[in-house]
Asks: 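Sharing a structure here in structure tokens format.
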Amino acid sequence: MYVAQPIEWTDRGVVILDQRRLPAEEVSYTYTDYRDVAKAIGEMVIRGAPAIGVAAAMGAALGALHSSAKSVGALESEFAEICATLTKTRPTAVDLFWALERMKRRFAELTAQTSDLTRIKQGMVEEAQQVHLEKRATDEAIGRFGAEFMPREGQVMTQCNAGALATGGIGTALGVIRVAFEQGRKLHVLVPETRPYLQGARLTAWELHKAGIPLTLITDNMVGHFLKSGKVGAIVTGADRIAANGDTANKIGTYQIAVLAKENNVPFYVAAPISTFDLSIPDGEHIPIEERSAAEVTHLQGVRIAPDVHAAHPAFDVTPARYIAAIFTERGVARPPYDESLRALAHTPQPVGLRM
Ligand code: MRU
């Protein structure tokens with residue numbers, strides 16, 4: 001089954017698929033400067049919470065690798081600057097900060113062990129590659145746990161793109177659907193287009209189509225109509241940040257889907273790695289919501305579709321925990337009350353091969 005590769009570490013540099021140009025063109029760029037990786041994250045060349053984390057880790061490794069510092073001290077201050085630049089790219093998805101904290105920890109370990117700059121740089125490259133490898137294993141595990149909750153046959157719905165393009169593995173929400181489909185469940189996926197950036201229409205529809213999973217693309221304002229039909233067995237979305245009480249930030253439009261799901265007795269599930277948990281914040285009120293350019297609302301692929309008026313573009317919204325039936329992670333399934341279940345999962349030993 002086809003799996004997209006949004007990002008790859010190579011000897012030439014970090015190769016990133018330009019998701020802004022999908023589905024029309026499959027174009028990749030090779031990055032050798034961490035500043036360009038930071039720009040690529042900010043400009044959505046690569047997007048999706050876990051994939052942003054992988055890109056940040058690789059950007060940090062790239063910065064260390066190409067540093068001209070002649071001492072550990074000089075490399076240390078340069079590395080702090082590299083991480084600060086990458087930190088400022090996008091505010092909502094916590095995977096970005098998680099990945100950079102992990103790279104900083106590894107940097108501190110390496111510099112405590114050796115003053116050989118070549119070994120330190122090599123260690124950073126290995127850590128970034130390990131982050132990517134682990135995302136792949138994580139997605140597979142989330143997929144296995146979540147697939148059990150999918151119907152034997154019938155319609156399921158998702159939102160935005162939480163597929164391979166968004167993680168560098170098989171995807172979180174789409175990973176669940178993919179595993180369930182491979183198990184023989186006869187699923188048909190309803191894909192809301194996800195205005196204004198059209199991650200559903202451009203990316204999820206593209207991924208599912210290439211993987212041979214049946215789908216129907218719908219506009220965002222058709223969600224209620226389809227949920228009311230009684231034919232949708234489950235909804236599964238990804239997440240950008242999950243607060244300690246289970247409130248979950250995800251792509252704008254997710255909240256209204258969750259409310260409509262409750263109204264129509266359709267279970268609403270979230271699929272996300274533990275790295276998406278932010279147990280330092282009590283609830284969704286504390287999640288910073290990215291405001292993107294209003295031009296993405298007034299224009300569609302560069303073509304103006306509205307007069308020159310004020311437009312708003314919050315890129316994410318928060319779904320209160322009470323609408324979420326379960327959260328699938330690589331360590332198991334969290335159920336309400338989430339204050340307890342998320343904390344318990346966060347302290348569950350990591351499966352072999354995964355280091356957090
Ligand atoms: O703005 P984006 O495209 O980065 O937003 C992506 C989403 O909201 C995804 O649903 C989320 O990151 C989960 S991806 C596995």
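Just so you know, ligand 1 is whichever comes first in the structure, and atom 1 is the first atom listed for that ligand.
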Asks: Polar contacts were defined as any N/O atom of the residue lying under 3.5 Å from an N/O atom of the ligand; does this apply to Thr167 and ligand 1?
Replies: no
Asks: Answer yes or no: is there an ion pair linking Glu126 with Arg119, defined by an N-O contact shorter than 4.0 Å?
Replies: no
Asks: Is it the side chain, the backbone, both or neither of Pro50 that has a heavy atom closer than 4.0 Å to ligand 1?
Replies: side chain
Asks: Supply the atom-to-atom distance Tyr255 OH to Asn250 CG, rounded to the nearest 0.5 angstrom.
Replies: 14.5 Å
Asks: If every non-hydrogen atom of Ala311 is compared with every non-hydrogen atom of Thr298, which pair is closest and at what distance?
Replies: CB-CG2, 3.8 Å
Asks: Would you say Ala93 contacts ligand 1, with heavy atoms under 4.0 Å as the rule?
Replies: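 It does not, in that no heavy atom of Ala93 comes within the 4.0 Å cut-off of ligand 1.
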Asks: Please round to the nearest 0.5 Å and tell me the distance separating atom CD of Gln19 and atom OG of Ser28.
Replies: 10.0 Å
Asks: Starting from atom 9 (C) of ligand 1, locate the nearest protein heavy atom and write down its residue, its atom name and how far away it is, to 0.1 Å.
Replies: Asn250 OD1, 3.5 Å
Asks: When you measure from the centre of the six-membered ring of Trp98, is the NZ or CZ of Lys135 closer than 6.0 Å and no more than 45° off the axis?
Replies: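 Positive - Lys135 is close enough to the ring of Trp98 and near enough to its axis.
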Asks: Taking distance alone, with N or O pairs closer than 3.5 Å, would you say Arg47 contacts ligand 1?
Replies: yes
Asks: Tell me which part of Gln199 gets within contact of ligand 1: side chain, backbone, both or neither, using heavy atoms under 4.0 Å.
Replies: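 Near ligand 1, Gln199 shows its side chain, while the N, CA, C and O stay back.
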Asks: Tell me whether Ala239 reaches ligand 1 (any heavy atom closer than 4.0 angstrom to a ligand atom).
Replies: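 Ala239: in contact with ligand 1 (<4.0 Å).
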Asks: Charged N to carboxylate O under 4.0 angstrom, Arg195 versus Asp220?
Replies: no
Asks: Taking the non-hydrogen atoms of Arg90, is any one of them nearer than 4.0 angstrom to ligand 1?
Replies: yes
Asks: Without hydrogens or angle criteria, can the side chains of Asp278 and Ser280 be said to hold a donor-acceptor pair below 3.5 Å?
Replies: yes
Asks: Does Met44 approach ligand 1 within less than 4.0 angstrom via side chain, backbone, both or neither, non-hydrogen atoms only?
Replies: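 Under 4.0 Å from ligand 1, Met44 contributes side-chain atoms alone.
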Asks: To check your reading of the model: name the closest protein heavy atom to atom 8 (O) of ligand 1, its residue, and the distance in Å.
Replies: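 Answer for atom 8 (O) of ligand 1: Asp240 OD1, 2.8 Å.
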Asks: Hey, is Tyr197 touching ligand 1 through its side chain, its backbone, both or neither, going by heavy atoms under 4.0 Å?
Replies: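 Tyr197 to ligand 1: no contact under 4.0 Å from either part.
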Asks: Side chains of His313 and Ser293: donor-acceptor distance under 3.5 Å anywhere?
Replies: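 No, no side-chain donor-acceptor pair sits under 3.5 Å.
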Asks: Just need the protein heavy atom nearest to atom 15 (C) of ligand 1, so name the residue and atom and give the distance.
Replies: Thr172 OG1, 3.1 Å
Asks: For Asn161, state whether at least one heavy atom is located under 4.0 Å from any atom of ligand 1.
Replies: yes
Asks: Between Leu260 and Leu227, which heavy-atom pair has the shortest distance, and what is it?
Replies: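 The pair with the smallest heavy-atom distance is CB-CD1, 3.8 Å.
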Asks: Is there a polar contact between ligand 1 and Ala166, counting only N or O atoms under 3.5 Å apart?
Replies: no
Asks: Out of all atoms in ligand 1, which are within 4.0 Å of some heavy atom of Phe316? Include the element for each.
Replies: 1 (O), 5 (O), 8 (O)
Asks: Just heavy atoms, cut-off under 4.0 Å: does Cys160 contact ligand 1 by side chain, backbone, both, or neither?
Replies: side chain
Asks: Counting only nitrogen or oxygen atoms and a 3.5 angstrom limit, does Gln159 reach ligand 1?
Replies: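 Between Gln159 and ligand 1 (N or O atoms, distance only) the closest approach is not under 3.5 Å.
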Asks: Using only atom types and a distance under 3.5 Å, with no angle test, would you say the side chain of Tyr34 pairs donor to acceptor with the backbone of Thr85?
Replies: no
Asks: Could you identify the single nearest non-hydrogen protein atom to atom 5 (O) of ligand 1 and state the distance to 0.1 Å?
Replies: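 Going atom by atom, the protein heavy atom closest to atom 5 (O) of ligand 1 ends up being Lys251 CE, 3.2 Å.
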Asks: Any Lys/Arg nitrogen of Asp317 or Lys251 sitting under 4.0 Å from an Asp/Glu carboxylate oxygen of the other?
Replies: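 A salt bridge is absent here (no side-chain N lies under 4.0 Å from a carboxylate O).
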Asks: Suppose I only count heavy atoms of Ala49 and a 4.0 Å limit; which atoms of ligand 1 are within that range?
Replies: 12 (O), 14 (S)
Asks: Do NZ/NE/NH1/NH2 and the carboxylate oxygens of Glu81 and Arg35 come within less than 4.0 Å?
Replies: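 No, no charged N to carboxylate O under 4.0 Å.
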Asks: If the cut-off is 4.0 Å to any non-hydrogen atom of Ala162, which atoms of ligand 1 fall inside it?
Replies: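 Near Ala162, meaning under 4.0 Å from one of its heavy atoms, ligand 1 has 14 (S), 15 (C).
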